[in-house]
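Nothing fancy with the numbering, it's 1 onward along the sequence. Computation of the quantities below employed the complete heavy-atom set of this structure, encompassing side-chain atoms and omitting hydrogens, waters and symmetry-equivalent molecules.
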Amino acid sequence: MKIAVPRETAPGETRVALTPQAITALLADGVEVVVQSGAGDASFISDEAFREAGATIVPDAAALYGEADVVVRVGRPSDEETGMLRKGAIIIGTLGTLSNPELARRLAETGVTAISMDSIPRITRAQSMDTLSSQATVGGYKAVLIAAERLPKFMPLLTTAAGTVRPARGIVMGAGVAGLMAIGTARRLGAVVEATDVRPVVKEQVESLGGIFIEVEMTDEEKANAQTAGGYAREMSDDYKARQAALIAERVKEADFVITTALIPGRPAPKLVTDAMVASMKPGSVIVDMAAEAGGNVEGTEAGKEVVKHGVTIIGLTNLPATMPGSATAMYAKNMQTLLKHLIKDGAINLDFTDEITRGATITHGGKVINEATAKALGIEVAEPAPAAPAAGGAA
C-alpha cells in the first residue's frame, strides 16, 4: 500500500501532512510512502530528509496521485487534485465538508473514500488524533503574539525609573483549546486577562490559568444546553446573546486587546463584538479575530486582511497555524500518524465502520455520503456503509 504526501496548494499554506519522523514510524507497518518533491519546503523539511526517512520522492502531483492508495494532506484538495484521485483511493485531510458540503458530493462522485480530520469524534480514545485541538493550540499562541506586536504598549506591569507602566488588559472570547492557550500565553506575557464562554464548565480552567471569567447569568436550561456531547459550544438563544452582549460591551471599553475564538461547527461564526463595541475601544487597541474564515466574531472583520476601524486594528488572518509551520506541522503529522496506525492492519487500511472513530471521521465511501452531518448539510439522506469494508492496498 502506498501512502502519498502531496505539496499543499492552498495560498499561504506552509504545513505538510507527514514529517520524516512520522514516515519512519509508518514504514514499520509495512507500507510505502511517496512524497511530492518540495512538499516540505515551507515547513523547512527537505526532500533529502524525507528520503533518509525511507520515503520515495516523486516529481509532481500527477505522478503522486497516479500511484497512491491513500493520500494524506493538511487541507482540502483543489478541483484539479480531486480529479486526479483514483477510484477506490482514500483521501485523508482537514476537508471541512460542513462548511463546504459540495466537496463531499464531488468526492463521492469520484468514488473515493474521504476521511476528514475535523470530523474525528471528541472522545478520549481519539485525543491523540485531534488536529482541531493541536492546530488551535498553535493558533491561540500566535494570536497573542500578533496582538502583542501590534499593541502600542507593553503587555506586562513595569516599574521603571521613568515611572510605573500599567499592564495591558485583554479579553479572550471563547475558552476552548485556542482560547485557553491565548489566556495562558497572554498571562505569561504579563497581561491582565478576562475570558468569556457560553459553557460555564470552563470557568475553572480559565481561572487555573490566571484569567478572570466573565460570567453571564444563565438559566438551568441554558446551562444544560450550552455545549454538545462532544464539548463544542452551542449557539445560544437571542435572549442569552443580549445579556452576553451587554456584559461584554462594558468590558470591551477597558480592553487594550481582544482575541475572539468562538466557532460553531457547520455554522457561521457568532457575532460577539459589534461595530459600536469596536468604536468604544481606545485608539490603538487590537482585535485578533480567529473566526475570520467562518465570517468572524467581530463586525468589520475582513477575512485574510488587517483593517483599522475607529482607530482599532482588526486582524482577520485565516490560517494562523500556517504562520508557525515548524510546530504546527510536527503536531499535525503526529495526529495523522496516530490515525493511520489506527486504520492500518496487515499493511493495508482496514475500514471498520463498527469503530466509532472510523465511522465518525469517514465522509464518503462507495460513491455515497455516509457522514450524517455532511449529508444533512447537502439536504440528502445519509447512506449506510457496508458493515465491513475491504481494506485498501489489496489486503482483505
Side-chain angles (χ1 to χ4, degrees), residues 8 12-19 21-22 42-44 73-75 93-94 96 116-149 155 170-189 191 193 195-197 199 201-202 204-211 227 230-233 257-265 269 288-294 297 315-339 361:
E8 297 294 322
E13 185 55 76
T14 60
R15 295 167 291 174
V16 63
L18 290 177
T19 58
Q21 293 82 0
S43 292
F44 307 99
R73 55 182 304 122
V74 175
T94 309
S116 192
M117 301 298 286
D118 56 346
S119 292
I120 291 174
R122 297 196 96 182
I123 58 176
T124 302
R125 225 168 24 101
Q127 284 182 343
S128 57
M129 311 170 196
D130 186 359
T131 56
L132 288 180
S133 291
S134 72
Q135 302 308 290
T137 297
V138 179
Y141 173 82
K142 190 57 181 284
V144 173
L145 298 190
I146 290 171
E149 193 274 331
M155 278 277 195
I171 297 177
V172 176
M173 297 185 184
V177 174
L180 292 172
M181 187 64 179
I183 293 164
T185 303
R187 288 292 298 133
R188 285 191 289 274
L189 288 175
V193 185
T196 181
D197 195 289
R199 299 162 295 183
V201 295
V202 303
E204 186 176 336
Q205 293 170 289
V206 169
E207 292 177 344
S208 72
L209 292 168
Q227 66 181 28
Y232 293 105
F257 67 95
V258 174
I259 294 171
T260 66
T261 71
L263 288 167
I264 300 170
V288 181
D289 190 343
M290 293 183 65
E293 191 171 12
N297 298 138
I315 299 167
L317 297 180
T318 55
N319 191 353
L320 287 175
T323 66
M324 291 185 60
S327 295
T329 285
M331 296 169 79
Y332 187 95
K334 184 63 176 179
N335 297 145
M336 181 67 78
Q337 172 196 323
T338 308
L339 175 63

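Annotation: the span from Thr94 atom OG1 to Tyr332 atom OH amounts to 3.5 Å, rounded to 0.5 Å. The distance from the CD atom of Glu207 to the CD1 atom of Ile183 is 10.5 Å, given to the nearest 0.5 Å. The OG1 atom of Thr323 sits 9.0 Å away from atom CG of Leu145, with the distance rounded to the nearest 0.5 Å. Here the straight-line distance linking atom CG of Asp197 with atom OG1 of Thr261 works out to 7.5 Å at 0.5 Å rounding. Here the CE atom belonging to Met324 is positioned 12.0 Å from the OG atom belonging to Ser43, to the nearest 0.5 angstrom. Taking OG1 from Thr329 and CZ from Phe44, the interatomic distance works out to 10.0 Å, rounded to the nearest 0.5 Å.
Looking at Thr14, its side chain does come within 3.5 Å of a backbone N or O of Ala322 through a donor-acceptor pair. Without hydrogens or angle criteria, Asp289 side chain to Gly316 main chain gives no donor-acceptor distance under 3.5 Å. Side-chain N or O atoms of Arg73 include one that pairs as donor or acceptor with a backbone N or O of Gly75 at under 3.5 Å.
Side-chain contact between Met290 and Thr260 is absent, with no heavy-atom pair separated by less than 4.5 Å. Taking 4.5 Å as the limit, some side-chain heavy atom of Met331 sits within range of a side-chain heavy atom of Thr137. For the pair Ile120/Leu339, a side-chain contact is recorded, criterion being any heavy-atom separation below 4.5 Å from C-beta on. For the pair Ser133 and Arg122, the minimum side-chain heavy-atom distance is below 4.5 Å.
The heavy-atom pair separating Ser128 from Thr338 by the smallest distance is OG-CG2, 3.1 Å. Minimum heavy-atom separation, Ala42 to Pro325: O-CG, 3.5 Å. When every heavy atom of Leu209 is checked against every heavy atom of Gly184, the shortest pair comes out as CD1-N, 4.3 Å. Closest of all the heavy-atom pairs between Ala333 and Leu18 is CB-CA, 3.7 Å. The heavy-atom pair separating Ala175 from Leu180 by the smallest distance is O-CG, 3.5 Å. Heavy atoms only, all atoms of each residue included: Ala291 and Leu263 are closest at CB-CD2, 3.7 Å.
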- Message: If you apply the rule side chain to side chain contact (heavy atoms under 4.5 Å, CB included), what do you find for Val258 with Met173, and how did you get there?
- Response: CA-CA 8 Å; Val258 174; Met173 297 185 184; 4.1 Å; yes
- Evaluate the criterion side chain to side chain contact (heavy atoms under 4.5 Å, CB included) for residue pair Ile146 and Leu320; output intermediate values, then yes/no. CA-CA 10 Å; Ile146 290 171; Leu320 287 175; 3.5 Å; yes
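Side-chain contact check for Asn335 and Thr131: no donor-acceptor pair (N or O, by modelled atom type) lies under 3.5 Å.
For the side-chain hydrogen bond (donor to acceptor under 3.5 Å, both in side chains) test, no residue two or more places apart in sequence or in another chain qualifies with Ser119. The side-chain hydrogen bond (donor to acceptor under 3.5 Å, both in side chains) search around Glu13 returns Arg15, Asn319, not counting sequence neighbours.
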